[in-house]
Peer 1: 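Have a look at this one.
Naming convention: chains lettered A, B, ... in sequence-line order (proteins, then strands); numbering from 1 in each chain.
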Amino acid sequence: MLELTHLKVFHGPIEAVHGISITVQRGQCVSLLGPNGAGKTSTISAIAGIADYQGSIRFQGADLAAISVEDRQRAGIALAPEGRRIFSNLTVKENLLIGAATRHDRRAVRSDINHWFESFPVLGERRDQSAGTLSGGEQQMLTIARALMSKPQILLLDEPSLGLAPLICQQVFRLIKELKSSGMTILLVEQNVRDALDLADYVYLLNSGHISNEGDHNVFGNDANLMAELTGIH
Amino acid sequence: MDYAIQQILNALSFGAEYALLALGLAIVFSIMGLVNFAHGEIIAAGGYSMFAISALLTGNPWVVIVGALIVAVLTSVLLERLAFRPVRYADPATGLLTAFGVSMILQNLFLLLVSPRPIAVTNLYFLNWPIEIGSVQISTLQIFETVSTAVAITVLVLFLRMSSFGIAMRAASLDFEMVRLMGIKANRVVAVAFAVSGLLAGLACIFIMARRGSVDPTFGFNPVLKAFVACVVGGFGSLGGAVLGGFLLGAIEVGMLVVLPQSYGGMKEAFVFGIVALILVWRPNGILSPPVEKGDKL
(Lines give C-alpha, C1' and ligand atoms only; values in the text may rest on other atoms or scores of the structure.)
Protein backbone atom coordinates (compact mmCIF):
# COMPACT_ATOMS: atom_id res chain seq x y z
CA MET A 1 0.00 0.00 0.00
CA LEU A 2 2.81 2.42 0.93
CA GLU A 3 6.29 1.92 -0.41
CA LEU A 4 9.29 4.12 0.31
CA THR A 5 12.33 3.38 -1.85
CA HIS A 6 15.80 4.86 -1.26
CA LEU A 7 14.19 7.78 0.56
CA LYS A 8 16.39 10.73 1.47
CA VAL A 9 14.78 13.52 3.47
CA PHE A 10 16.18 17.02 3.72
CA HIS A 11 15.82 19.90 6.15
CA GLY A 12 17.23 22.71 4.02
CA PRO A 13 20.74 21.61 3.06
CA ILE A 14 20.90 18.94 5.78
CA GLU A 15 20.15 15.32 4.87
CA ALA A 16 18.24 13.84 7.81
CA VAL A 17 17.35 10.45 6.30
CA HIS A 18 19.87 8.61 4.11
CA GLY A 19 18.14 6.40 1.57
CA ILE A 20 15.81 4.15 3.56
CA SER A 21 13.27 1.70 2.09
CA ILE A 22 10.07 0.82 3.93
CA THR A 23 6.94 -1.09 2.95
CA VAL A 24 3.55 -0.97 4.65
CA GLN A 25 0.93 -3.53 3.54
CA ARG A 26 -2.82 -2.88 3.73
CA GLY A 27 -4.17 -3.53 7.23
CA GLN A 28 -0.70 -3.68 8.75
CA CYS A 29 0.59 -1.69 11.68
CA VAL A 30 4.22 -0.82 11.01
CA SER A 31 6.36 0.87 13.66
CA LEU A 32 9.32 3.14 13.10
CA LEU A 33 11.39 3.04 16.25
CA GLY A 34 14.57 4.81 17.18
CA PRO A 35 16.11 7.47 19.37
CA ASN A 36 15.70 11.25 18.99
CA GLY A 37 17.16 12.52 15.74
CA ALA A 38 16.97 9.12 14.04
CA GLY A 39 14.83 10.54 11.20
CA LYS A 40 11.43 9.09 12.17
CA THR A 41 9.46 12.35 12.03
CA SER A 42 11.36 13.41 8.89
CA THR A 43 10.23 10.20 7.17
CA ILE A 44 6.60 10.74 8.14
CA SER A 45 6.81 14.40 7.09
CA ALA A 46 8.07 13.36 3.66
CA ILE A 47 5.14 10.97 3.26
CA ALA A 48 2.70 13.73 4.24
CA GLY A 49 4.39 16.08 1.76
CA ILE A 50 5.74 18.69 4.17
CA ALA A 51 9.45 17.81 3.87
CA ASP A 52 11.71 17.83 0.82
CA TYR A 53 12.86 14.40 -0.29
CA GLN A 54 14.57 12.37 -2.97
CA GLY A 55 13.80 8.77 -3.84
CA SER A 56 10.34 7.42 -4.30
CA ILE A 57 7.19 7.33 -2.20
CA ARG A 58 4.43 5.25 -3.79
CA PHE A 59 0.96 5.07 -2.30
CA GLN A 60 -1.48 2.53 -3.72
CA GLY A 61 0.78 2.23 -6.75
CA ALA A 62 0.96 5.97 -7.50
CA ASP A 63 4.12 8.03 -7.16
CA LEU A 64 3.51 10.93 -4.77
CA ALA A 65 6.38 13.07 -6.10
CA ALA A 66 4.13 15.55 -7.91
CA ILE A 67 1.22 15.32 -5.47
CA SER A 68 0.62 18.34 -3.20
CA VAL A 69 0.17 18.15 0.57
CA GLU A 70 -3.57 18.68 0.20
CA ASP A 71 -3.98 16.03 -2.49
CA ARG A 72 -2.05 13.44 -0.46
CA GLN A 73 -4.64 13.85 2.28
CA ARG A 74 -7.41 13.61 -0.32
CA ALA A 75 -5.77 10.43 -1.63
CA GLY A 76 -6.21 8.86 1.80
CA ILE A 77 -3.11 9.72 3.85
CA ALA A 78 -3.93 11.25 7.25
CA LEU A 79 -1.38 12.55 9.72
CA ALA A 80 -1.73 12.86 13.49
CA PRO A 81 1.40 14.96 13.98
CA GLU A 82 3.97 15.13 16.73
CA GLY A 83 3.01 17.80 19.26
CA ARG A 84 -0.66 17.24 18.32
CA ARG A 85 -1.09 20.66 16.65
CA ILE A 86 -4.79 20.97 17.40
CA PHE A 87 -6.42 24.29 16.52
CA SER A 88 -6.50 25.56 20.06
CA ASN A 89 -8.82 28.55 19.50
CA LEU A 90 -11.38 26.43 17.68
CA THR A 91 -13.88 24.33 19.58
CA VAL A 92 -13.53 20.55 19.85
CA LYS A 93 -16.37 20.13 17.34
CA GLU A 94 -14.83 22.61 14.91
CA ASN A 95 -11.53 20.69 15.06
CA LEU A 96 -13.39 17.54 14.03
CA LEU A 97 -15.25 19.41 11.28
CA ILE A 98 -11.92 20.65 9.88
CA GLY A 99 -10.77 17.03 9.80
CA ALA A 100 -13.73 16.22 7.56
CA ALA A 101 -13.30 19.29 5.35
CA THR A 102 -12.76 17.23 2.21
CA ARG A 103 -15.90 15.15 2.72
CA HIS A 104 -19.23 16.13 1.22
CA ASP A 105 -21.51 13.64 3.00
CA ARG A 106 -22.65 16.06 5.71
CA ARG A 107 -25.00 13.61 7.40
CA ALA A 108 -22.28 10.97 7.68
CA VAL A 109 -19.86 13.60 9.00
CA ARG A 110 -22.33 14.53 11.75
CA SER A 111 -22.79 10.87 12.58
CA ASP A 112 -18.99 10.33 12.75
CA ILE A 113 -18.60 13.33 15.06
CA ASN A 114 -21.28 11.87 17.33
CA HIS A 115 -19.47 8.53 17.20
CA TRP A 116 -16.30 10.18 18.54
CA PHE A 117 -18.26 12.02 21.21
CA GLU A 118 -19.73 8.69 22.32
CA SER A 119 -16.33 6.94 22.19
CA PHE A 120 -14.69 9.74 24.18
CA PRO A 121 -17.39 11.26 26.39
CA VAL A 122 -14.91 13.90 27.61
CA LEU A 123 -14.70 15.28 24.08
CA GLY A 124 -18.51 15.16 23.85
CA GLU A 125 -18.90 17.07 27.10
CA ARG A 126 -16.50 19.71 25.85
CA ARG A 127 -17.65 19.85 22.24
CA ASP A 128 -18.23 23.62 22.35
CA GLN A 129 -15.17 24.38 24.44
CA SER A 130 -11.87 25.68 22.98
CA ALA A 131 -9.68 22.69 22.18
CA GLY A 132 -6.74 24.46 23.81
CA THR A 133 -8.40 23.96 27.21
CA LEU A 134 -8.27 20.14 26.91
CA SER A 135 -5.67 18.12 28.81
CA GLY A 136 -2.72 16.62 26.93
CA GLY A 137 -4.37 13.19 26.69
CA GLU A 138 -7.68 14.63 25.53
CA GLN A 139 -5.85 16.69 22.91
CA GLN A 140 -4.13 13.52 21.65
CA MET A 141 -7.49 11.74 21.35
CA LEU A 142 -8.81 14.77 19.47
CA THR A 143 -5.78 14.75 17.14
CA ILE A 144 -6.32 11.10 16.23
CA ALA A 145 -10.08 11.58 15.88
CA ARG A 146 -9.49 14.66 13.66
CA ALA A 147 -7.16 12.67 11.42
CA LEU A 148 -9.70 9.84 11.16
CA MET A 149 -12.55 12.19 10.27
CA SER A 150 -11.25 12.24 6.68
CA LYS A 151 -11.82 8.45 6.43
CA PRO A 152 -8.19 7.80 5.46
CA GLN A 153 -6.67 4.70 3.88
CA ILE A 154 -3.57 5.00 6.07
CA LEU A 155 -2.98 6.76 9.37
CA LEU A 156 0.43 8.23 10.12
CA LEU A 157 0.85 8.51 13.88
CA ASP A 158 3.81 10.57 15.05
CA GLU A 159 4.77 10.06 18.70
CA PRO A 160 1.20 9.76 20.00
CA SER A 161 2.34 9.07 23.56
CA LEU A 162 4.81 11.93 23.78
CA GLY A 163 4.49 13.87 27.02
CA LEU A 164 1.54 11.86 28.32
CA ALA A 165 1.15 10.27 31.75
CA PRO A 166 1.46 6.42 31.72
CA LEU A 167 -2.26 5.93 32.37
CA ILE A 168 -3.16 8.23 29.46
CA CYS A 169 -0.58 6.45 27.26
CA GLN A 170 -2.43 3.19 27.89
CA GLN A 171 -5.68 4.81 26.72
CA VAL A 172 -3.99 6.09 23.55
CA PHE A 173 -2.47 2.67 22.77
CA ARG A 174 -5.83 1.02 23.48
CA LEU A 175 -7.36 3.31 20.84
CA ILE A 176 -4.62 2.49 18.33
CA LYS A 177 -5.14 -1.22 19.02
CA GLU A 178 -8.87 -0.82 18.32
CA LEU A 179 -8.07 0.99 15.07
CA LYS A 180 -5.72 -1.80 14.06
CA SER A 181 -8.36 -4.44 14.84
CA SER A 182 -10.83 -2.53 12.66
CA GLY A 183 -8.44 -3.00 9.72
CA MET A 184 -6.89 0.47 9.61
CA THR A 185 -3.41 0.63 8.07
CA ILE A 186 -1.09 2.42 10.48
CA LEU A 187 2.46 3.74 10.31
CA LEU A 188 3.44 4.43 13.90
CA VAL A 189 6.43 6.49 14.98
CA GLU A 190 7.06 5.97 18.64
CA GLN A 191 9.69 6.06 21.35
CA ASN A 192 7.60 4.04 23.75
CA VAL A 193 9.23 0.80 22.59
CA ARG A 194 7.34 -1.88 24.48
CA ASP A 195 3.87 -0.60 23.57
CA ALA A 196 4.93 0.02 19.97
CA LEU A 197 6.32 -3.51 19.66
CA ASP A 198 3.16 -4.87 21.20
CA LEU A 199 1.09 -3.20 18.46
CA ALA A 200 3.32 -3.60 15.44
CA ASP A 201 3.17 -6.33 12.79
CA TYR A 202 6.51 -5.21 11.45
CA VAL A 203 9.20 -2.95 12.92
CA TYR A 204 11.93 -0.77 11.41
CA LEU A 205 14.66 0.48 13.71
CA LEU A 206 16.07 3.82 12.59
CA ASN A 207 19.39 5.17 13.74
CA SER A 208 21.01 8.38 12.46
CA GLY A 209 18.90 8.34 9.32
CA HIS A 210 19.61 4.68 8.43
CA ILE A 211 17.60 1.52 9.01
CA SER A 212 19.79 -0.39 11.43
CA ASN A 213 17.41 -3.32 11.81
CA GLU A 214 14.01 -4.60 10.80
CA GLY A 215 11.75 -7.56 11.41
CA ASP A 216 8.50 -8.61 13.03
CA HIS A 217 7.87 -7.68 16.63
CA ASN A 218 8.75 -11.16 17.92
CA VAL A 219 12.27 -10.85 16.54
CA PHE A 220 12.76 -7.56 18.36
CA GLY A 221 11.11 -8.73 21.56
CA ASN A 222 13.30 -11.86 21.79
CA ASP A 223 16.58 -10.22 20.90
CA ALA A 224 18.16 -8.89 24.08
CA ASN A 225 20.75 -6.82 22.22
CA LEU A 226 18.13 -5.17 20.02
CA MET A 227 15.91 -4.44 22.99
CA ALA A 228 18.90 -2.90 24.77
CA GLU A 229 19.58 -0.75 21.71
CA LEU A 230 15.94 0.34 21.58
CA THR A 231 15.30 0.96 25.23
CA GLY A 232 18.76 2.08 26.24
CA ILE A 233 18.61 -0.41 29.15
CA HIS A 234 21.56 -2.79 29.14
CA MET B 1 -25.56 66.56 26.15
CA ASP B 2 -26.49 67.04 22.49
CA TYR B 3 -22.91 68.02 21.79
CA ALA B 4 -21.66 64.80 23.42
CA ILE B 5 -24.10 62.68 21.37
CA GLN B 6 -23.00 64.52 18.23
CA GLN B 7 -19.34 63.72 18.95
CA ILE B 8 -20.08 60.07 19.82
CA LEU B 9 -21.81 59.70 16.46
CA ASN B 10 -18.80 61.32 14.75
CA ALA B 11 -16.45 58.93 16.57
CA LEU B 12 -18.58 55.94 15.52
CA SER B 13 -18.52 57.11 11.92
CA PHE B 14 -14.73 57.56 11.80
CA GLY B 15 -14.19 54.39 13.80
CA ALA B 16 -16.37 52.36 11.44
CA GLU B 17 -14.20 53.38 8.49
CA TYR B 18 -10.96 52.53 10.30
CA ALA B 19 -12.43 49.27 11.58
CA LEU B 20 -13.32 48.13 8.04
CA LEU B 21 -9.84 48.93 6.75
CA ALA B 22 -8.10 47.40 9.76
CA LEU B 23 -10.21 44.25 9.44
CA GLY B 24 -9.14 43.93 5.79
CA LEU B 25 -5.48 44.14 6.78
CA ALA B 26 -5.93 41.80 9.75
CA ILE B 27 -7.65 39.02 7.75
CA VAL B 28 -4.74 38.76 5.34
CA PHE B 29 -2.14 39.13 8.09
CA SER B 30 -3.71 36.47 10.31
CA ILE B 31 -3.52 33.87 7.53
CA MET B 32 -0.42 34.84 5.56
CA GLY B 33 1.59 36.88 8.07
CA LEU B 34 1.64 39.59 5.40
CA VAL B 35 1.10 43.30 6.11
CA ASN B 36 -0.49 44.27 2.83
CA PHE B 37 0.53 47.88 2.34
CA ALA B 38 -0.97 47.68 -1.16
CA HIS B 39 -4.40 47.67 0.55
CA GLY B 40 -4.49 51.44 -0.02
CA GLU B 41 -4.17 50.98 -3.76
CA ILE B 42 -7.07 48.52 -3.73
CA ILE B 43 -9.12 51.35 -2.22
CA ALA B 44 -7.79 53.71 -4.89
CA ALA B 45 -8.68 51.19 -7.63
CA GLY B 46 -12.24 51.19 -6.25
CA GLY B 47 -12.25 55.00 -6.36
CA TYR B 48 -11.02 55.15 -9.96
CA SER B 49 -13.57 52.52 -10.99
CA MET B 50 -16.32 54.77 -9.61
CA PHE B 51 -15.08 57.53 -11.87
CA ALA B 52 -14.77 55.17 -14.86
CA ILE B 53 -18.25 53.69 -14.41
CA SER B 54 -19.92 57.07 -14.05
CA ALA B 55 -17.99 58.51 -17.01
CA LEU B 56 -18.38 55.56 -19.37
CA LEU B 57 -21.47 53.60 -18.31
CA THR B 58 -24.00 55.14 -15.97
CA GLY B 59 -24.27 57.71 -13.22
CA ASN B 60 -26.64 55.52 -11.18
CA PRO B 61 -25.04 55.64 -7.69
CA TRP B 62 -26.00 52.05 -6.83
CA VAL B 63 -24.38 50.71 -10.00
CA VAL B 64 -21.31 52.82 -9.20
CA ILE B 65 -21.17 51.44 -5.63
CA VAL B 66 -21.59 47.81 -6.69
CA GLY B 67 -19.03 48.33 -9.46
CA ALA B 68 -16.48 49.73 -6.99
CA LEU B 69 -17.00 46.77 -4.67
CA ILE B 70 -16.48 44.29 -7.52
CA VAL B 71 -13.35 46.09 -8.77
CA ALA B 72 -11.88 46.19 -5.23
CA VAL B 73 -12.48 42.44 -4.77
CA LEU B 74 -11.03 41.59 -8.19
CA THR B 75 -7.98 43.84 -7.66
CA SER B 76 -7.30 42.24 -4.30
CA VAL B 77 -7.61 38.67 -5.64
CA LEU B 78 -5.50 39.57 -8.70
CA LEU B 79 -2.73 41.04 -6.52
CA GLU B 80 -2.66 37.84 -4.47
CA ARG B 81 -2.40 35.73 -7.60
CA LEU B 82 0.24 37.80 -9.38
CA ALA B 83 2.33 39.35 -6.61
CA PHE B 84 1.88 37.60 -3.27
CA ARG B 85 1.43 33.93 -4.20
CA PRO B 86 4.97 33.60 -5.62
CA VAL B 87 6.42 34.84 -2.30
CA ARG B 88 3.96 33.06 0.00
CA TYR B 89 6.51 30.78 1.62
CA ALA B 90 9.38 33.28 1.48
CA ASP B 91 10.76 35.23 4.43
CA PRO B 92 8.14 37.66 5.90
CA ALA B 93 10.41 40.58 4.95
CA THR B 94 10.10 39.53 1.29
CA GLY B 95 6.31 39.72 1.54
CA LEU B 96 6.49 43.14 3.16
CA LEU B 97 8.84 44.48 0.47
CA THR B 98 6.62 42.98 -2.23
CA ALA B 99 3.62 44.79 -0.74
CA PHE B 100 5.54 48.09 -0.75
CA GLY B 101 6.65 47.42 -4.34
CA VAL B 102 3.12 46.65 -5.51
CA SER B 103 1.85 49.77 -3.76
CA MET B 104 4.43 51.97 -5.54
CA ILE B 105 3.83 50.35 -8.94
CA LEU B 106 0.06 50.86 -8.67
CA GLN B 107 0.42 54.46 -7.47
CA ASN B 108 2.66 55.21 -10.45
CA LEU B 109 0.30 53.45 -12.84
CA PHE B 110 -2.57 55.65 -11.58
CA LEU B 111 -0.28 58.64 -12.00
CA LEU B 112 0.78 57.77 -15.55
CA LEU B 113 -2.38 56.22 -16.95
CA VAL B 114 -5.07 58.35 -15.28
CA SER B 115 -3.95 61.67 -13.81
CA PRO B 116 -1.74 63.05 -11.04
CA ARG B 117 -4.60 65.40 -10.10
CA PRO B 118 -7.66 64.57 -8.01
CA ILE B 119 -10.63 63.43 -10.10
CA ALA B 120 -14.07 64.31 -8.80
CA VAL B 121 -16.77 61.68 -8.36
CA THR B 122 -20.10 63.24 -7.49
CA ASN B 123 -22.47 60.27 -7.67
CA LEU B 124 -22.63 59.75 -3.93
CA TYR B 125 -24.52 62.99 -3.27
CA PHE B 126 -27.25 61.14 -1.38
CA LEU B 127 -24.74 60.19 1.31
CA ASN B 128 -24.23 63.82 2.28
CA TRP B 129 -27.82 64.71 3.07
CA PRO B 130 -28.10 66.22 6.55
CA ILE B 131 -30.59 64.74 9.00
CA GLU B 132 -31.60 66.54 12.17
CA ILE B 133 -32.75 64.54 15.17
CA GLY B 134 -33.62 67.09 17.83
CA SER B 135 -30.64 69.38 17.96
CA VAL B 136 -28.26 66.63 16.82
CA GLN B 137 -27.25 66.92 13.18
CA ILE B 138 -25.95 63.88 11.37
CA SER B 139 -25.47 63.01 7.72
CA THR B 140 -26.82 60.05 5.82
CA LEU B 141 -23.16 59.03 5.40
CA GLN B 142 -22.73 58.59 9.16
CA ILE B 143 -25.79 56.35 9.34
CA PHE B 144 -24.80 54.41 6.22
CA GLU B 145 -21.23 54.04 7.45
CA THR B 146 -22.10 52.80 10.94
CA VAL B 147 -24.91 50.49 9.82
CA SER B 148 -22.90 49.04 6.90
CA THR B 149 -19.92 48.38 9.15
CA ALA B 150 -22.12 46.69 11.75
CA VAL B 151 -23.71 44.52 9.04
CA ALA B 152 -20.33 43.72 7.44
CA ILE B 153 -18.79 42.70 10.77
CA THR B 154 -21.86 40.60 11.70
CA VAL B 155 -21.86 38.81 8.33
CA LEU B 156 -18.11 38.24 8.60
CA VAL B 157 -18.42 36.80 12.11
CA LEU B 158 -21.25 34.50 10.98
CA PHE B 159 -19.21 33.42 7.95
CA LEU B 160 -16.14 32.68 10.09
CA ARG B 161 -18.13 30.78 12.73
CA MET B 162 -20.86 29.00 10.80
CA SER B 163 -19.45 28.08 7.39
CA SER B 164 -16.91 25.29 6.93
CA PHE B 165 -14.77 27.63 4.83
CA GLY B 166 -14.89 30.27 7.57
CA ILE B 167 -13.79 27.67 10.14
CA ALA B 168 -10.96 26.68 7.80
CA MET B 169 -9.89 30.33 7.57
CA ARG B 170 -9.82 30.63 11.37
CA ALA B 171 -7.83 27.42 11.57
CA ALA B 172 -5.44 28.69 8.88
CA SER B 173 -4.76 31.77 10.99
CA LEU B 174 -3.56 29.42 13.76
CA ASP B 175 -1.61 26.78 11.80
CA PHE B 176 -1.60 27.15 8.04
CA GLU B 177 0.41 23.98 7.35
CA MET B 178 -1.92 21.87 9.49
CA VAL B 179 -4.90 23.15 7.50
CA ARG B 180 -3.17 21.98 4.30
CA LEU B 181 -2.59 18.61 5.98
CA MET B 182 -6.36 18.43 6.46
CA GLY B 183 -6.69 18.50 2.65
CA ILE B 184 -7.94 22.08 2.48
CA LYS B 185 -6.53 23.88 -0.56
CA ALA B 186 -4.18 26.62 0.60
CA ASN B 187 -4.69 28.67 -2.56
CA ARG B 188 -8.43 28.74 -2.03
CA VAL B 189 -8.19 29.82 1.63
CA VAL B 190 -5.76 32.62 0.80
CA ALA B 191 -7.77 33.76 -2.25
CA VAL B 192 -10.97 33.98 -0.17
CA ALA B 193 -9.08 35.93 2.52
CA PHE B 194 -7.95 38.43 -0.12
CA ALA B 195 -11.46 38.59 -1.60
CA VAL B 196 -12.96 39.40 1.81
CA SER B 197 -10.19 41.92 2.44
CA GLY B 198 -10.90 43.51 -0.96
CA LEU B 199 -14.63 43.67 -0.24
CA LEU B 200 -13.97 45.50 3.03
CA ALA B 201 -11.57 47.86 1.22
CA GLY B 202 -14.28 48.53 -1.40
CA LEU B 203 -16.81 49.33 1.31
CA ALA B 204 -14.37 51.71 3.00
CA CYS B 205 -13.62 53.25 -0.41
CA ILE B 206 -17.29 54.24 -0.80
CA PHE B 207 -17.26 56.04 2.56
CA ILE B 208 -13.98 57.83 1.85
CA MET B 209 -15.19 58.87 -1.60
CA ALA B 210 -18.46 60.16 -0.14
CA ARG B 211 -16.48 62.24 2.34
CA ARG B 212 -13.72 63.48 -0.01
CA GLY B 213 -15.54 63.52 -3.32
CA SER B 214 -12.40 62.86 -5.37
CA VAL B 215 -9.74 60.24 -5.99
CA ASP B 216 -6.00 60.69 -6.61
CA PRO B 217 -3.02 58.28 -6.85
CA THR B 218 -2.21 58.46 -3.12
CA PHE B 219 -5.89 58.23 -2.17
CA GLY B 220 -5.46 55.08 -0.07
CA PHE B 221 -2.18 55.87 1.67
CA ASN B 222 -3.46 57.77 4.72
CA PRO B 223 -6.45 55.49 5.41
CA VAL B 224 -4.22 52.40 5.33
CA LEU B 225 -1.68 54.05 7.60
CA LYS B 226 -4.50 54.66 10.09
CA ALA B 227 -5.74 51.10 9.62
CA PHE B 228 -2.25 49.81 10.30
CA VAL B 229 -2.12 51.84 13.53
CA ALA B 230 -5.58 50.50 14.47
CA CYS B 231 -4.35 46.93 13.91
CA VAL B 232 -1.26 47.52 16.06
CA VAL B 233 -3.33 49.06 18.86
CA GLY B 234 -5.93 46.27 18.74
CA GLY B 235 -3.36 43.49 18.43
CA PHE B 236 -2.04 42.55 14.99
CA GLY B 237 -3.61 39.39 13.64
CA SER B 238 -6.66 39.58 15.91
CA LEU B 239 -9.84 40.31 13.98
CA GLY B 240 -11.63 41.52 17.11
CA GLY B 241 -8.56 43.61 17.89
CA ALA B 242 -8.70 45.24 14.46
CA VAL B 243 -12.32 46.29 14.99
CA LEU B 244 -11.61 47.51 18.52
CA GLY B 245 -8.48 49.35 17.36
CA GLY B 246 -10.43 51.02 14.54
CA PHE B 247 -13.19 52.31 16.78
CA LEU B 248 -10.69 53.32 19.47
CA LEU B 249 -8.64 55.30 16.95
CA GLY B 250 -11.82 57.00 15.70
CA ALA B 251 -12.78 57.87 19.28
CA ILE B 252 -9.30 59.23 20.08
CA GLU B 253 -9.27 61.37 16.91
CA VAL B 254 -12.68 62.87 17.59
CA GLY B 255 -11.75 63.26 21.28
CA MET B 256 -8.65 65.22 20.31
CA LEU B 257 -10.65 67.47 18.00
CA VAL B 258 -13.01 68.22 20.88
CA VAL B 259 -10.42 68.64 23.61
CA LEU B 260 -7.62 70.48 21.81
CA PRO B 261 -7.86 74.28 21.51
CA GLN B 262 -8.20 75.48 17.93
CA SER B 263 -4.62 76.81 17.87
CA TYR B 264 -3.38 73.24 18.48
CA GLY B 265 -5.58 71.79 15.75
CA GLY B 266 -2.60 71.17 13.47
CA MET B 267 -1.04 68.96 16.12
CA LYS B 268 -4.04 66.64 16.36
CA GLU B 269 -2.20 63.72 14.74
CA ALA B 270 0.76 64.14 17.12
CA PHE B 271 -1.54 63.89 20.13
CA VAL B 272 -3.40 60.92 18.62
CA PHE B 273 -0.18 59.00 18.01
CA GLY B 274 1.05 60.03 21.48
CA ILE B 275 -1.99 58.30 23.01
CA VAL B 276 -1.44 55.30 20.73
CA ALA B 277 2.15 55.11 22.01
CA LEU B 278 0.90 55.18 25.60
CA ILE B 279 -1.52 52.31 24.85
CA LEU B 280 1.39 50.32 23.43
CA VAL B 281 3.47 50.98 26.53
CA TRP B 282 0.58 49.50 28.52
CA ARG B 283 -0.06 46.60 26.07
CA PRO B 284 3.02 46.18 23.84
CA ASN B 285 1.36 43.49 21.69
CA GLY B 286 -1.91 45.41 21.34
CA ILE B 287 -5.06 45.23 23.44
CA LEU B 288 -6.40 41.94 22.08
CA SER B 289 -3.18 40.37 20.81
CA PRO B 290 -3.97 36.87 19.52
CA PRO B 291 -2.68 33.93 21.53
CA VAL B 292 0.44 32.26 20.21
CA GLU B 293 -0.37 28.82 18.82
CA LYS B 294 1.55 26.38 20.95
CA GLY B 295 -0.08 23.32 19.47
CA ASP B 296 -0.01 21.17 22.57
CA LYS B 297 0.33 21.10 26.29
CA LEU B 298 3.65 19.36 26.61
Peer 1: To the nearest 0.5 angstrom, please state how far the CD1 atom of A/Ile98 sits from the CD1 atom of B/Ile184.
Peer 2: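 Answer for the CD1-CD1 pair, A/Ile98 versus B/Ile184, is 4.0 Å.
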Peer 1: A side-chain contact here means heavy atoms from C-beta on lying under 4.5 Å apart; do A/Arg146 and B/Met182 qualify?
Peer 2: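 Sidechains of B/Met182 and A/Arg146: in contact.
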Peer 1: Could I get the full list of ring pair (Phe, Tyr, Trp, His ring centres under 6.0 Å) partners for B/Phe176, not counting sequence neighbours?
Peer 2: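 So B/Phe176 forms no ring pair (Phe, Tyr, Trp, His ring centres under 6.0 Å) with any residue.
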Peer 1: Would one find more than 12 heavy atoms of other residues, nucleotides or ligands at under 6.0 Å from atom CG of A/Asp63?
Peer 2: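 Yes, CG of A/Asp63 has more than 12 neighbouring heavy atoms, counting only those of other groups under 6.0 Å.
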Peer 1: Between A/Glu70 and B/Arg180, is there a salt bridge with N-O shorter than 4.0 Å?
Peer 2: yes
Peer 1: Please find the pair of heavy atoms, one from B/Asp175 and one from A/Phe87, that lie closest to each other, and give the distance.
Peer 2: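 Shortest heavy-atom contact: O-CE2, 3.7 Å.
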Peer 1: So for A/Arg106, is it side chain, backbone, both, or neither that comes closer than 4.5 Å to the heavy atoms of chain B?
Peer 2: side chain
Peer 1: More than 12 foreign heavy atoms under 6.0 Å from NZ of A/Lys93: is that the case here?
Peer 2: no
Peer 1: Where along residues 159-172 of chain B does a heavy atom come under 4.5 Å of chain A, listed by residue number?
Peer 2: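 Near chain A, by residue number: B/Arg161, B/Ser164, B/Ile167, B/Ala168, B/Arg170, B/Ala171.
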Peer 1: Tell me if the NZ atom of A/Lys151 is crowded by more than 12 foreign heavy atoms within 6.0 Å.
Peer 2: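 Count not over threshold, so no.
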Peer 1: Once rounded to the nearest 0.5 Å, what's the spacing between atom CG of A/Leu156 and atom CG of B/Leu181?
Peer 2: 9.5 Å
Peer 1: Nearest heavy-atom pair of A/Pro81 and B/Met178: which atoms, and what distance?
Peer 2: CG-SD, 3.7 Å
